[in-house]
Amino acid sequence: MRLTLLGTGDARQVPVYGCECPACGLARSDESLRRRPCSALIECGDQRWLIDSGLPDLTERFPPRSFNGIFQTHYHADHAQGLLHLRWGQGLVIPVHGPADPEGLSDLYKHPGILDFSRPFAEFETRQFGELSVTALPLQHSKLTLGYLLEGEGRRIAYLTDTVGLPPATLAWLQREPLDVLVLDCSMPPQPQAPRNHNDLTLALQSIEETGAQRGVLTHVGHTLDAWLLEHRCELPRHVTVGWDGRII
């Protein structure tokens, strides 16, 4: 099983338009430091599924029939805007499995084109796709949001974004068996007050510790966290790393 982080940025991405902080300055001069909309690709056996669709160039990155479908975490624009173009394709149907959010994004439900939204996930529902088992885990965010537990080929990886902390039932589910990797939302450096909608580093590290994951990988990273890491990266625990666009797990 292989998970590729296609994008690791928060809604503003990195560099942030008009920002002159050290992290944004470095990202402008070094393409490898840029962060695009948070998304991933999971591959297991003959299965290839996108996790989220916020990248605006999906039709260029993925030729027709090069992936099986999409696991959508939620329908905020930075995670779903790529669907607006993808839907107008021809000659195929792309299943989109996600939360049962009656609002969706824009007019996607009214004019789905080639996208099939007919099978939303229920919380804690497990579906089997070839060798890949996928369980939908409820998260805590401003819009109905699911994370995904991905199991196959002897591996167990959780991909959880966007969230602030973990609901008790989701944490309990993840603690059932050893977790190889937890890919987790971490948008900000440590904050003086409890964050809203997204983890700061303090809350992210707490969640990694509580799940007992062997490895933690931070994603949905904002420019303020990147700037903080320029001076404090050595303070991360040895089993926790920061994701980057294109990283393969």
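None of these values were measured; they are calculated from a predicted model.
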Residues forming a ring-ring contact (aromatic ring centres under 6.0 Å, His included) with His232, sequence neighbours excluded: Trp228

Donor-acceptor side-chain pairing of Glu210 and Gln206 below 3.5 angstrom: yes

Sub-4.5 Å side-chain heavy-atom contact between Leu225 and Asp200: no

Min side-chain heavy-atom separation Val16-Cys24 under 4.5 Å: yes

Audit row: Val164, Asn197, side-chain contact (heavy atoms from CB on, under 4.5 Å) steps and yes/no: CA-CA 5 Å; Val164 55; Asn197 289 327; 5.5 Å; no

OG1 on Thr4 to CD1 on Ile249, rounded to 0.5 Å: 8.5 Å

For Tyr17, the rest of its hydrophobic cluster, which grows through side-chain links under 4.5 angstrom: none

Side-chain heavy-atom pair Leu146, Leu139 within 4.5 angstrom cut-off: no

Residue pair Arg34 / Pro15: nearest heavy atoms and the distance that separates them: NH1-CD, 3.6 Å

Check: His198 and Gln140 side chains under 4.5 Å, non-hydrogen atoms: no

Test item: Pro63 and Arg65 side chains (from C-beta on) under 4.5 Å apart, heavy atoms: no

Side-chain cluster (under 4.5 Å, hydrophobic types only) that Leu86 belongs to, other residues: Leu6, Leu41, Leu50, Leu55, Leu58, Phe62, Phe67, Ile70, Tyr75, Leu83, Leu84, Leu92, Ile94, Val96, Leu105, Leu108, Tyr109, Ile114, Leu115, Phe117

Within one Ile-Leu-Val-Met-Phe-Trp-Tyr cluster: Val183 and Val240, side-chain cutoff 4.5 Å: no

Asn199 (side chain) donor-acceptor with Asp185 (main chain) under 3.5 angstrom: yes

Set of ring-ring contact (aromatic ring centres under 6.0 Å, His included) partners for Tyr159, sequence neighbours left out: none

Over 12 foreign heavy atoms within 6.0 Å of CD, Glu153: yes

Atom of Arg127, atom of Pro120 and distance for their closest heavy-atom approach: NH2-O, 2.8 Å

Derivation of the salt bridge (Lys or Arg N to Asp or Glu O under 4.0 Å) call for Asp78 and Arg36: CA-CA 9 Å; Asp78 59 313; Arg36 294 169 180 82; over 6 Å; no

Closest non-hydrogen atom pair, Pro195 against Leu203: CG-CD2, 4.2 Å

ILVMFWY network linking Phe71 to Leu144, side-chain heavy atoms under 4.5 angstrom: no

CD/Glu235: more than 12 non-hydrogen atoms of other groups inside 6.0 Å: yes

Side-chain (Arg156) to main-chain (Glu177) donor-acceptor, under 3.5 angstrom: yes

Working for side-chain contact (heavy atoms from CB on, under 4.5 Å), residues Thr126 and Val134: CA-CA 5 Å; Thr126 299; Val134 181; over 6 Å; no

Reported CZ-to-OG distance for the pair Arg61 and Ser66, which is rounded to 0.5 angstrom: 12.0 Å

Heavy-atom pair of closest approach, residues Gln13 and Pro37: OE1-CD, 3.2 Å

Show me, pair by pair, the donor-acceptor contacts under 3.5 angstrom made by side chains of residues 213-221, not counting sequence neighbours?
unit_1: His220; atom_1: ND1; unit_2: Ser187; atom_2: OG; d: 3.0
unit_1: His220; atom_1: NE2; unit_2: His79; atom_2: NE2; d: 3.4
unit_1: His220; atom_1: NE2; unit_2: Asp162; atom_2: OD2; d: 3.1

Whether His74 and His141 hold their rings parallel, tilted or perpendicular, with breakpoints at 30° and 60°: perpendicular

Neighbour count >12 (heavy atoms, 6.0 Å) for atom CD, Gln175: yes

Gap between atom CG of Leu132 and atom CD of Glu151 - 0.5 Å precision: 9.0 Å

Pairwise side-chain contact, Arg87 with His111, heavy-atom cut-off 4.5 Å (strictly under): yes

Heavy-atom pair of closest approach, residues Val14 and Ala27: CG1-CB, 3.8 Å

Glu20 vs Arg28, side-chain contact (heavy atoms from CB on, under 4.5 Å): CA-CA, chis, key distance, verdict: CA-CA 10 Å; Glu20 299 299 332; Arg28 288 191 184 92; 4.3 Å; yes

Exercise: do Asp245 and Thr8 side chains pair donor with acceptor under 3.5 Å: yes

Minimum-distance pair of heavy atoms, taken over all atoms of Cys38 and Asp52: O-CB, 3.8 Å

Aromatic ring proximity His97/Tyr148, centre distance under 6.0 Å: no

Gap between atom CG of Leu166 and atom CG of Leu160 - 0.5 Å precision: 6.0 Å

ILVMFWY clustering at 4.5 Å (side-chain atoms), partners of Leu230: Leu26, Leu33

Same apolar cluster: Phe124 and Leu179, side chain cutoff 4.5 Å: yes

Nearest-0.5 Å distance that lies between atom CD1 in Ile42 and atom CG in Leu150: 5.0 Å

Side chain to side chain, Asn68 and Phe129, heavy atoms closer than 4.5 Å: no

Joint cluster assignment, Leu184 & Trp173, ILVMFWY side-chain distance < 4.5 Å: yes

Interatomic spacing from OG1 in Thr145 to NE2 in His76 - rounded to 0.5 Å: 7.0 Å

Side-chain donor/acceptor of Gln81 to backbone N/O of Gly54, under 3.5 Å: yes

Co-membership, hydrophobic cluster, residues Met188 and Leu201, 4.5 Å side-chain: no

Polar contact flag, side-chain donor to acceptor under 3.5 angstrom, Gln72-Ser53: yes

Verdict with reasoning, Glu103 to Lys110, per salt bridge (Lys or Arg N to Asp or Glu O under 4.0 Å): CA-CA 11 Å; Glu103 295 181 358; Lys110 184 178 180 180; over 6 Å; no

side-chain contact (heavy atoms from CB on, under 4.5 Å) evaluation trace for Val242 with Arg233: CA-CA 9 Å; Val242 183; Arg233 188 176 295 268; 3.8 Å; yes

Side-chain heavy-atom pair Leu5, Trp244 within 4.5 angstrom cut-off: no

